[in-house]
Structures are given as structure tokens and as C-alpha cells.
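Both ligands and their constituent atoms are indexed starting at 1 by order of listing. Worth saying up front: this structure is predicted, and the values here are computed from it rather than measured.
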Amino acid sequence: MGGNRYDASARWNGRSGQAWVQLQSVMDHMYRPLESLLVDTVDPARRSVLDVGCGTGATTVAVARKLGPGARVTGVDISDSMISAARARDAQLEFVRADVQDHEWAPASFDAVISRFGVMFFDDPVRAFAHLHRAATPEAGLVFLAWRDIAENPFMTVAERAAAPLLPNLPPRRPDGPGQFAFADPTRVHHFLDAAGWTGITVEPTDVECTLPEPELVGYFTRLGPVGLALPDADDETRTEVITTVRAAFTPFIHGTEVRFPAACWLIRAQAAPRLKTPGASAVTTNV
Ligand SMILES: C[S@@+](CC[C@H](N)C(=O)[O-])C[C@H]1O[C@@H](n2cnc3c(N)ncnc32)[C@H](O)[C@@H]1O
């Protein structure tokens, strides 16, 4: 992917990673419906699962709980602070600090690879998915959640749209580069997975309502996203003005004590190797 190299390590070891750690319980709550959806897709017979871009480990812990003590569940993330938070959450699980684009796993060591929003930040997605493919057994399935288009997820850009006149240097979103909406185009995702050796690729829309407690809203938008990243560098007056303006812009999403928004996502599945068809079996994969 051309242009300047996206420095995932700098971003996720800096303010973004710190914000996710500070907001761990808010993010856990907000994305719990997506955690359930992802974990439900994992076949309970899987014995060795890798959670990619596991962050502070919510989905890693949830899948480990589902599979029970006989399973080996590993979380991997590029962020020191997020991996430390994940280890603090569950000291029994294995959490590896690594860049998935470079990390060499033992070949054929995982029979399922999962991710909730942890695979859209690669500078070289084909390289990352090829490493994951080598790490997968021939029977392994891959399943992950990624955001659909910006236009379908207006909640995610409320803050930057409202703050733009006050913070004119906010970086533009790049739907064709690494970032939150990098996998909005299913054709690109299909291409990345196919080029990396994955097969049986399906991309299915899924819409889930997410919530956060209203008192957490200001803490959320002042720490995360382009506005959250820019605010620490703003002067006090601008900061106050941004908070007032952005808080007002979120009004349509506020319902009493709760903030509610629809998360428009893709549920993407693939297999490490083609599956033999049994007579009468459905072509659609239900579990990985
Ligand atoms: C949006 S967060 C999602 C975190 C977690 N999956 C969740 O749902 O709570 C994206 C995560 O991907 C991680 N990440 C980004 N690039 C990565 C890379 N190249 N290798 C490993 N992890 C990466 C970030 O550090 C961050 O934790």
C-alpha cells in the first residue's frame, strides 16, 4: 500500500494504546455484543486459537472461557500497554507482544484464528495474513470482524465532523490505507485473503447495537479517534470549546442514561485449506 508507511507500533504504543487501556471497561461494555457474536462462531472443538490484535484481551478471555481448560488460547498485539493490560486481566493465558506482519509462529500451530477489529491496521495486509496462514493448521478457520463503510457508521465520525472547524489539522480518513475503515470494501478484503493463501472466503454484513453509559461519553471522545489523539495538543480554550461542540453533536445517539449506536460490520470468514464437501453439506461455513 503506497505512501508513507503506517507506523502501527508508534500509534498503538502511544496515545491510542493508552486510551484503550484507560477505557478498558467502557470498551469491553461497548463492544460486548460483537465479542459474543465473534465467540459464537468458534467451534467448541477447537483446541488452539489465536486472537489477532487482541488489545486488552476481552475476546481472548471470552473464547478461552468458551473452550475450557483443555484449549490453548493466545492473544497477540503490537501494543505494550494493551498486552500488559491483557496479562493483568488473565495471567493464565498466553499474550504475545508482536507485530503480526513480521512474527513467525511455529507452522500449523493454531486451528482457529479470530479477531475483533484487530486486522485493519496492517501496512501490508497480504504479508500479515500470509504469516497467519502459515501459523494455521490445514483444518483451521479464520473469522474476524471489521467495520463497513464510514457512511454506514456515522457514530464513529461524529466527533471529528463536529470538531473540524476548531481542529483544522485533523488527519483525513483513508479508506484505502491502514486504519479503522481499511476493510470497508469487501473486494479488497477478499483480495488480501486470497493472495495470502486463504480460501472459502465469505464476507457477511452484520449489524449490532452497541451502547456506552452516557457519563462515559466525554471520556470516550476526548481520548479515542482523531479528536482524542489531537486534543492533548490543543490549548485549554479550544479544548473546552471542542468538548462542548462535540458533546452536543452526539445528542441524536443519547437515550437517557445510555449512548446507543448501530455498528455496521463485516463478519469475514476463511479457511486455511479447501474443505472436502460431504454430500448434503451446506456450502456456508457456520463455525471456524
Ligand atoms: C481497534 S483495536 C481492537 C482491540 C481488540 N481486538 C478489541 O476488540 O478490544 C486494534 C488492535 O490491533 C492492534 N494492532 C494494530 N496493528 C497491529 C499489528 N501490526 N500487529 C499486532 N497487533 C496490531 C492494536 O495494538 C490494537 O490493540
Side-chain angles (χ1 to χ4, degrees), residues 1 5-39 41-42 49-64 73-90 93-105 113-132 135 142-147 153 156 173 177-184 192 196 208 210 212 220 223-226 228-229 263 265-268:
M1 301 170 54
R5 200 172 192 281
Y6 171 85
D7 193 343
S9 179
R11 170 166 173 182
W12 292 100
N13 283 298
R15 283 177 189 164
S16 288
Q18 284 154 17
W20 272 77
V21 172
Q22 287 163 356
L23 294 169
Q24 181 175 325
S25 61
V26 177
M27 303 309 280
D28 284 355
H29 175 90
M30 188 161 115
Y31 290 148
R32 187 147 299 129
L34 293 160
E35 170 191 300
S36 306
L37 196 147
L38 185 69
V39 170
T41 66
V42 179
V49 180
L50 179 65
D51 186 3
V52 180
C54 66
T56 62
T59 49
T60 328
V61 170
V63 80
V73 180
T74 304
V76 59
D77 202 282
I78 200 168
S79 166
D80 272 319
S81 50
M82 290 172 87
I83 278 290
S84 299
R87 287 180 183 140
R89 195 200 280 266
D90 191 327
L93 294 179
E94 183 188 22
F95 286 103
V96 176
R97 217 246 19 133
D99 184 338
V100 170
Q101 296 172 109
D102 302 324
H103 194 69
E104 303 282 355
W105 303 95
V113 179
I114 66 166
S115 182
R116 180 182 67 181
F117 304 143
V119 293
M120 298 96 76
F121 304 92
F122 303 137
D123 197 49
D124 188 343
V126 175
R127 183 178 160 83
F129 283 113
H131 275 290
L132 294 173
L142 165 72
V143 61
F144 61 88
L145 283 160
W147 293 100
N153 286 290
M156 288 296 156
R173 297 278 189 167
Q180 185 177 8
F181 295 103
F183 282 10
F192 295 148
V208 172
C210 295
L212 68 152
Y220 166 77
R223 290 193 176 99
L224 279 174
L229 291 179
C265 303
W266 297 120
L267 182 66
I268 295 155

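- Between F121 and W12, the angle of the ring planes goes over 60°, which puts this pair in the perpendicular group of the 30/60° scheme.
- Side-chain N or O atoms of R97 include none that pairs as donor or acceptor with a backbone N or O of D80 at under 3.5 Å.
- Interface atoms of ligand 1 facing A98, defined by a heavy-atom separation under 4.0 Å, are 20 (N), 21 (C).
- The contact set between ligand 1 and M82, taken as ligand atoms under 4.0 Å from a residue heavy atom, comprises 26 (C), 27 (O).
- Of all the heavy atoms of S9, none lies under 4.0 Å from any atom of ligand 1, so neither backbone nor side chain is involved.
- Protein heavy atom in closest approach to atom 24 (C) of ligand 1: W12 CD2, 3.2 Å.
- Looking at V52 and L50, their side chains come closer than 4.5 Å, going by heavy atoms from C-beta outward.
- Within the 4.0 Å heavy-atom cutoff, A58 does not count among the residues contacting ligand 1.
- Between the side chain of Q18 and the backbone N or O of S81 there is no donor-acceptor pair closer than 3.5 Å.
- For ligand 1, the atoms sitting less than 4.0 Å from at least one non-hydrogen atom of Q101 are 19 (N), numbered in the order shown with element in parentheses.
- Interface atoms of ligand 1 facing F122, defined by a heavy-atom separation under 4.0 Å, are 18 (C), 19 (N).
- E94 has its side chain out of reach of V73: every pair of non-hydrogen atoms, C-beta onward, lies at least 4.5 Å apart.
- Any N or O atom pair closer than 3.5 Å counts here, and W20 shares no such pair with ligand 1.
- A heavy-atom distance below 4.5 Å is not found between the side chains of V26 and R223.
- Below 30°, between 30° and 60°, or above 60°: for F117 and W147 the angle between ring planes is below 30°, a parallel geometry.
- Remark: ligand 1 and G53 share an N or O pair separated by less than 3.5 Å (distance only, no angle test).
- Using a 4.0 Å cut-off to heavy atoms of G118, the atoms of ligand 1 that qualify are 12 (O).
- A heavy-atom distance below 4.5 Å is found between the side chains of L145 and L37.
- The protein heavy-atom contact nearest to atom 19 (N) of ligand 1 is D99 OD1, 2.8 Å.
- For ligand 1, the atoms sitting less than 4.0 Å from at least one non-hydrogen atom of F117 are 1 (C), 2 (S), 3 (C), 10 (C), numbered in the order shown with element in parentheses.
- Residue R116 places at least one N or O, backbone or side chain, under 3.5 Å from an N or O of ligand 1.
- The nearest heavy-atom contact from the protein to atom 23 (C) of ligand 1 is I78 CG2, 3.6 Å.
- Considering backbone and side-chain atoms together, V100 places an N or O closer than 3.5 Å to an N or O of ligand 1.
- Side chain of D77 to main chain of I83: no donor-acceptor pair is present (N/O by atom type, distance under 3.5 Å, no hydrogens or angles).
- Annotation: atom 13 (C) of ligand 1 to nearest protein heavy atom, D77 OD2, 3.3 Å.
- F183 has its ring centre less than 6.0 Å from the ring centre of F192.
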